[in-house]
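I have placed the structure first, in the form of structure tokens, so that the comments after it can refer back to it.
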Amino acid sequence: MSSLSRLRGLFTSNPSFKSKTNILKSTSTNKKPLPEEVDFQNVVNKFKESSESHEFRKKRSIYETTVRRLAKAQKYSMIEEILESQKKYKDMSCEGFVIRLIYLYGISGLVDHAQKLFDEMPQFDCERTVKSFNTLLSAYAYAKNFDKVVEFFREMPSKISIQANEVSYNIVIHAFCEMGSLDLAMSMVDEMEKNGIGPTFVTFGTLLDAFYKNSRYMDGEKIWALMESKNVEPSVRCYSSRLRGMVSDSRISEAVELIDEMRQKGLKPDVFIFNTLIKGFCDDGNMQEAKHWYDELKKHDCSPDKITYMTIVPFLCKEGDLDMAMELCKEAINRRSLADVAVLKCVTDGLHKEGKTEKASELLKLGKSKKYQIDNI
DNA sequence: CTAGGGTTAG
């Protein structure tokens with residue numbers, strides 16, 4: 001077995017690893033170690049050993065999976081051990097490789113290490129372009145150190161003669177939005193244009209999301225119009241933000257019209273779009289439309305996800321359609337898309353109330369077979 | 001080997 005597949009095996013052994021809410025007690029038949037019992041040092045050693053291979057070092061995803069897992073377990077010194085050990089390879093002169101390491105320090109919250117790596121790049125004969133600059137900006141944004149994002153953005157380019165680009169601006173705009181400085185964020189669009197950088201669909205998508213989220217619906221519509229006037233084509237994500245804005249502004253029929261508009265443009269509504277509509281109709285108590293959009297979701301080869309089930313199943317229970325609630329709950333379990341056992345519990349509670357104890361235990365059995373923690377139901 | 005925006009929750 002190659003070292004790569006050995007590592008993969010280590011990481012795919014426990015499916016309940018994927019989500020915090022899904023880390024549930026295993027049954028006695030499960031001999032595999034629990035997440036907290038994983039021998040992380042062994043993982044680190046294997047990783048370092050595998051890193052000797054140039055082929056292994058090309059695999060971006062295994063680096064990310066490993067680091068995310070260690071970060072979740074708060075094994076920060078091990079992350080450091082893995083990432084620092086990469087410095088001995090000649091790949092360090094490739095900006096792409098270093099970007100990956102900066103990014104990994106960023107998602108681990110080790111932003112000082114990310115900064116240090118960026119500072120060290122010249123020592124590795126590695127050219128620093130706007131891309132590594134942006135990666136470091138993102139690392140500060142990820143750590144919610146927004147002041148530093150702005151400071152770094154304002155000061156660094158002149159120091160190391162890097163030109164900020166649209167991506168840099170998008171990161172800073174996002175940071176301003178997160179700080180609640182929406183107008184400042186908006187003013188950055190003018191600054192971009194002054195510097196000859198055209199705002200993109202990501203720029204507008206970021207702004208739209210922030211304005212709608214903060215209930216500034218009118219301003220949101222103005223931004224949409226501005227985007228159109230600049231002939232920037234909105235992405236599905238842009239539509240998703242606007243649709244969410246309309247739904248929370250109780251303009252759900254306008255939101256529905258947006259679906260046709262998207263389709264006319266050849267854009268495919270995705271699960272975020274459908275979930276928003278389903279949620280909107282559930283909140284309105286409109287079971288027929290909620291079901292309709294659940295059907296639409298499936299009709300357009302789009303898969304329901306945890307959010308979908310979490311939204312619609314409790315709603316169906318509340319409205320008394322326990323047959324469909326149970327059907328969807330089974331589906332969620334089988335697809336491993338049950339985000340919370342509370343969803344299952346509301347179905348079994350409903351079934352018990354109707355005296356359908358047999359169906360309730362059938363559902364519980366299914367949940368147990370998929371190793372969901374249901375002892376407390 | 002390379003940087004940026006989105007849903008749920010009592």
NA contact type, [X], heavy-atom cut-off 4.0 Å: base, sugar-phosphate, or nothing?
| X | value |
| --- | --- |
| Thr200(A) | base |
| Thr276(A) | nothing |
| Ser241(A) | nothing |
| Phe201(A) | base |
| Asn275(A) | base |
| Cys177(A) | nothing |
| Arg237(A) | base |

Considering only NZ, NE, NH1 and NH2 on the basic side and carboxylate oxygens on the acidic side, decide whether [X] and [Y] come within less than 4.0 Å.
| X | Y | result |
| --- | --- | --- |
| Lys148(A) | Glu151(A) | yes |
| Glu296(A) | Lys299(A) | yes |
| Glu178(A) | Lys213(A) | no |
| Lys330(A) | Glu327(A) | no |

Using atom [atom1] of [X] as one end and atom [atom2] of [N] as the other, report the distance to the nearest whole Å.
| X | N | atom1 | atom2 | value |
| --- | --- | --- | --- | --- |
| Leu117(A) | dT2(B) | CG | C1' | 14 Å |
| Tyr212(A) | dG5(B) | OH | P | 20 Å |
| Leu104(A) | dC1(B) | CG | P | 16 Å |
| Leu267(A) | dG6(B) | CG | C1' | 15 Å |
| Phe56(A) | dC1(B) | CZ | C1' | 13 Å |
| Tyr63(A) | dT2(B) | OH | P | 12 Å |
| Gln86(A) | dC1(B) | CD | C1' | 12 Å |
| Lys59(A) | dT2(B) | NZ | P | 12 Å |

Which nucleotide, [options], lies nearest any side-chain atom of [X]?
| X | options | value |
| --- | --- | --- |
| Ile99(A) | dC1(B), dT7(B), dA3(B) | dA3(B) |
| Val236(A) | dT2(B), dG5(B), dG6(B) | dG6(B) |
| His174(A) | dT7(B), dG5(B), dC1(B) | dG5(B) |
| Cys94(A) | dG5(B), dT7(B), dC1(B) | dC1(B) |
| Ser138(A) | dA3(B), dC1(B), dG6(B) | dA3(B) |
| Ser235(A) | dG5(B), dT2(B), dG6(B) | dG5(B) |
| Asn165(A) | dT7(B), dA3(B), dC1(B) | dA3(B) |
| Phe97(A) | dC1(B), dG6(B), dA3(B) | dC1(B) |

Between [X] and [N], is there a contact of a side-chain N or O with OP1 or OP2 at under 4.0 Å?
| X | N | value |
| --- | --- | --- |
| His54(A) | dC1(B) | no |
| Arg242(A) | dT7(B) | no |
| Lys213(A) | dT7(B) | yes |

Ring geometry between Phe152(A) and Tyr140(A) (parallel below 30°, tilted from 30 to 60°, perpendicular above 60°): tilted
Parallel, tilted or perpendicular: ring planes of Phe118(A) versus Phe133(A), cut at 30 and 60 degrees: tilted
Tyr169(A) ring center within less than 6.0 Å of Phe153(A) ring center: yes
Any donor-acceptor pair under 3.5 Å from Asp249(A) side chain to Gly245(A) backbone: no
Distance-only donor-acceptor test, Thr206(A) side-chain atoms vs dG6(B) base atoms, 3.5 Å: no
Presence of donor-acceptor pair under 3.5 Å, side chain of Arg57(A) and base of dC1(B): no
I'd like a table of atom pairs between the protein and nucleotides 8-10 of chain B - only N or O on both sides, under 3.5 Å - with the distance next to each one.
{"from": "dA9(B)", "atom 1": "OP1", "to": "Lys279(A)", "atom 2": "NZ", "distance (Å)": "3.1"}

By side-chain contact (heavy atoms from CB on, under 4.5 Å) - contacts of Val167(A) (at least two apart): Asn134(A), Asn165(A), Ile171(A)
